[in-house]
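Remarks on the structure that follows.
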Amino acid sequence: MNTEPRKEHEWLKTLVGEWTYASECSMEPGKPPEKFTGAESVRSLGDLWVLGESTGQMPGGGTATMVMTLGYDPDKERFVGTWVGSMMTHLWVYEGTLDQERRVLTLTTEGPTCTGSGGLAKFQDVVEIKSDDHRILTSRMLGEDGTWQKIMQADYRRKK
């Protein structure tokens with residue numbers, strides 16, 4: 001099987017490189033967000049996938065390692081991928097689309113609720129390309145009222 005890369009696969013290459021990030025995460029409603037920093041290394045897997053591995057600080061101290069895979073499935077006409085972190089047992093499975101300007105990738109998934117009440121909730125990770133050397137990742141959860149609530153935002157800068 002030999003799949004030819006498409007323009008969506010080429011877009012994924014904008015993520016390849018060495019990055020640092022600063023993030024803010026809302027741990028509890030009504031409390032100020034906590035701030036964390038880390039680093040990410042993104043590489044290509046052939047012409048069809050990218051793999052990102054990051055390490056960063058965790059709430060309450062300690063360090064976590066996270067791995068993300070992203071590709072494009074021409075049959076589904078969707079970006080697909082996964083995310084795992086050393087701090088949890090859940091495998092996050094992504095499916096998403098790129099906006100018409102090719103600047104914002106919105107990935108949908110399901111994962112454990114942040115409230116500790118058990119069960120799964122709907123989430124989105126939104127990757128916005130600001131420039132070749134700057135991108136923003138915003139994670140949000142679908143609230144019970146049907147609106148998306150931002151739970152985390154990370155500002156990525158390419159290492160020079």
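Since the structure is predicted, the reported quantities are computational estimates derived from the model, not experimental observations.
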### Task
Could you tell me which non-hydrogen atom of Y21 sits nearest to which non-hydrogen atom of A154, and how far apart they are?
CD1-CB, 4.4 Å
### Message
To the closest 0.5 Å, what do you measure between CE (M141) and CD (Q149)?
### Response
5.5 Å
### Message
Could you check whether any side-chain N or O of T108 sits under 3.5 Å from a backbone N or O of E95, counting only pairs where one atom can act as donor and the other as acceptor?
### Response
yes
### Query
Under a 4.5 Å cut-off applied to non-hydrogen side-chain atoms, are C25 and F36 in contact?
yes
### Side-chain heavy atoms of M152 within contact of S23, under 4.5 Å
yes
### In one Ile/Leu/Val/Met/Phe/Trp/Tyr side-chain cluster, 4.5 Å: L48, L51
yes
### Polar side chain donor-acceptor pair, S131 to D133, under 3.5 angstrom
no
### CZ/R103: more than 12 non-hydrogen atoms of other groups inside 6.0 Å
yes
### Task
Start with the C-alpha distance between H9 and D47, add both sets of side-chain angles, then the distance that settles side chain to side chain contact (heavy atoms under 4.5 Å, CB included), and finish with yes or no.
CA-CA 7 Å; H9 297 111; D47 291 327; 6.0 Å; no
### Query
Are any side-chain N or O atoms of H90 and backbone N or O atoms of V84, one a donor and one an acceptor, separated by less than 3.5 Å?
no
### Message
To the nearest 0.5 Å, what is the distance between CG on D99 and OG1 on T106?
### Response
7.5 Å
### With Y156, the side chain to side chain contact (heavy atoms under 4.5 Å, CB included) member among L137, I136, T20
L137
### Query
Does the distance from a Lys or Arg side-chain N to an Asp or Glu carboxylate O, for R135 and E40, drop under 4.0 Å?
yes
### Query
Is there side-chain contact between R78 and T97, with at least one heavy-atom pair below 4.5 Å?
yes
### Task
May I ask you to decide if the ring planes of W92 and W83 are parallel, tilted or perpendicular, using 30° and 60° as cut-offs?
perpendicular
### Task
Grab the two heavy atoms, one from W19 and one from D132, that are nearest each other, plus how far apart they are.
CH2-O, 3.8 Å
### Query
Under a 4.5 Å cut-off applied to non-hydrogen side-chain atoms, are F79 and E8 in contact?
yes
### Message
Any heavy-atom pair between the side chains of K7 and R102 that's under 4.5 Å?
### Response
yes
Using distance only, find each side-chain donor-acceptor pair of residues 120-130 under 3.5 Å and give its atom names and separation, not counting sequence neighbours.
residue	atom	partner	partner atom	Å
Q124	OE1	R140	NE	2.8
Q124	OE1	R140	NH2	2.8
D125	OD1	S139	OG	2.6
D125	OD2	Y94	OH	2.4
E128	OE2	K130	NZ	3.0

### Nearest-0.5 Å distance, CG of residue L12 to CG of residue L45
11.5 Å
### Message
Assigning hydrophobic clusters by single linkage (Ile, Leu, Val, Met, Phe, Trp, Tyr; side-chain heavy-atom cutoff under 4.5 Å), is V16 placed with V80?
### Response
no
Pairs of donor and acceptor atoms involving the side chains of residues 58-75, under 3.5 Å and at least two apart or interchain, shall be tabulated with distances.
residue	atom	partner	partner atom	Å
T69	OG1	T82	N	3.0
T69	OG1	T82	OG1	2.7
D73	OD1	D75	N	2.9
D73	OD1	K76	N	3.2

### Message
List the residues meeting side chain to side chain contact (heavy atoms under 4.5 Å, CB included) with E4, not counting sequence neighbours, and say none if there are none.
### Response
N2
### Task
Flag the pair K13 and E10 as a salt bridge only when some basic side-chain nitrogen lies within less than 4.0 angstrom of an acidic carboxylate oxygen.
yes
